[in-house]
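A, B, ... follow the sequence lines: proteins, then strands. Residue 1 opens every chain.
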Amino acid sequence: MLRQVLGRTLGFVGYTIQYGCIAHCAFEYIGEFVCSGPSMEPTIVSHDIILSERLSRHLCKIQKGDIVIAKSPFDPKMNICKRVIGLEGDKVCTSAQSDALKTHTYVPKGHVWLEGDNLRSSTDSRSYGPIPYALIRGRVCLKLWPPHRFGTLSESPTRWITETQSGSESD
Amino acid sequence: MAQQVTAGRRYLRAFVSGFFVAVPVTVTVLDRVACVARVEGASMQPFLNPEGGSGCDVVLLNRWTVRNYQVQRGDVVSIMSPRNPQQKIIKRVIGLEGDFIRTLGYKNRYLRVPDGHVWIEGDHRGHSLDSNSFGPVSVGLLHGRASHIIWPPNRWQRIKPFLPPNRGPLETEEEEG
């Protein structure tokens, strides 16, 4: 009787560990579900559930224009969701769109330049500078929820779109 | 004949199920609990790789204690290099967030470590690519804390937190904090 209970408990613990480990591997190496904030507003609205895949980060295949999930450099427990504007060695514009005087900087080695699509309410590389590539957790590839917005993300970076918008609104 | 086929199938099934248990469990343990790593380079001499060149030390990296990104001053930690994302570097933590640090050859002579960052340095002054060249690093890059030297066996020991003399946060700030 006791042996039966013990055996059943051990079996249960074993299965828990096994599936826990499989879940960890899946979330760590394949993809995970995340919920985004307001900083990517036109592309991803707050409380959308998105799927981010980890493979292209592990294979170093992150490209310009990809939307990525990264750890915040000032609080590693917080995640940020931004668009990659520049990779290492790229020249990026650091000033606000409305500024007459444009300032440029080069992204250092091993770093990326991240900016939100919603330039007004996004704290990104414009305030804290380029962030190390190793802080990137994954690339966002699919919007899952709500169902009417299901699908892939818009390809074109909105940088030039916001540029024209801010030009018309600057009166 | 039929018995052979069933035996082969049973063997295959056992192999597949063992594979699906062993690989995820191993990967998870290496990711969450601990892993071993070989130390290359001279940046932590004389503490690690004291002979230099001939043999590499092997250290046990404890990944469980850094799951909440908690480190102490003096800990030896491995960190994803901010310059090269595929490389990991092993250094000593000199200052935590909010500490005032006297730098050695960085662009500012005195510096406050920003929130969520640490100041790391190699023990081998001048032969180490550390915070003195790339500035404070984000805690999110933390990979593990070196807890034991496991190879060579004659130097088997637990690694205790140790700050090099006259390095560390400036005293006045510590009293205030």
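Using a 4.0 Å cut-off between charged nitrogen and carboxylate oxygen, A:R139 and A:E53 count as a salt-bridge pair. In this structure, A:D75 does not pair ionically with A:K77, as no charged nitrogen and carboxylate oxygen lie closer than 4.0 Å.
Legend: residues meeting ring pair (Phe, Tyr, Trp, His ring centres under 6.0 Å) with A:Y128, ordered by chain and number and at least two apart, are A:F74.
If you measure heavy-atom distances from B:E97 to chain A, you find no contacts under 4.5 Å at all. Contacts between A:K71 and chain B at a heavy-atom distance below 4.5 Å involve the side chain alone, from C-beta outward. No part of A:P108 comes within reach of chain B, as not one of its non-hydrogen atoms sits under 4.5 angstrom from that chain. A:Y29 touches chain B through its side chain: at least one heavy atom from C-beta onward sits under 4.5 Å away, while N, CA, C and O do not.
Ranked by heavy-atom pairs shorter than 4.5 Å toward chain B, the options A:E88, A:K109, A:H24 are led by A:H24. Considering only heavy-atom pairs separated by less than 4.5 Å from chain A, the leading option among B:V137, B:T26, B:V25, B:V23 is B:V25. By number of non-hydrogen pairs under 4.5 angstrom with chain B, the leading residue of A:S72, A:G110, A:P76, A:A23 is A:P76.
Annotation: the span from B:R109 atom CZ to B:R102 atom CZ amounts to 6.0 Å, rounded to 0.5 Å. The CG atom of B:N68 lies 11.0 Å from the CG atom of B:L142; values are rounded to the nearest 0.5 Å.
Not one N or O on the side chain of B:S43 forms a donor-acceptor pair closer than 3.5 Å with the backbone of B:K91.
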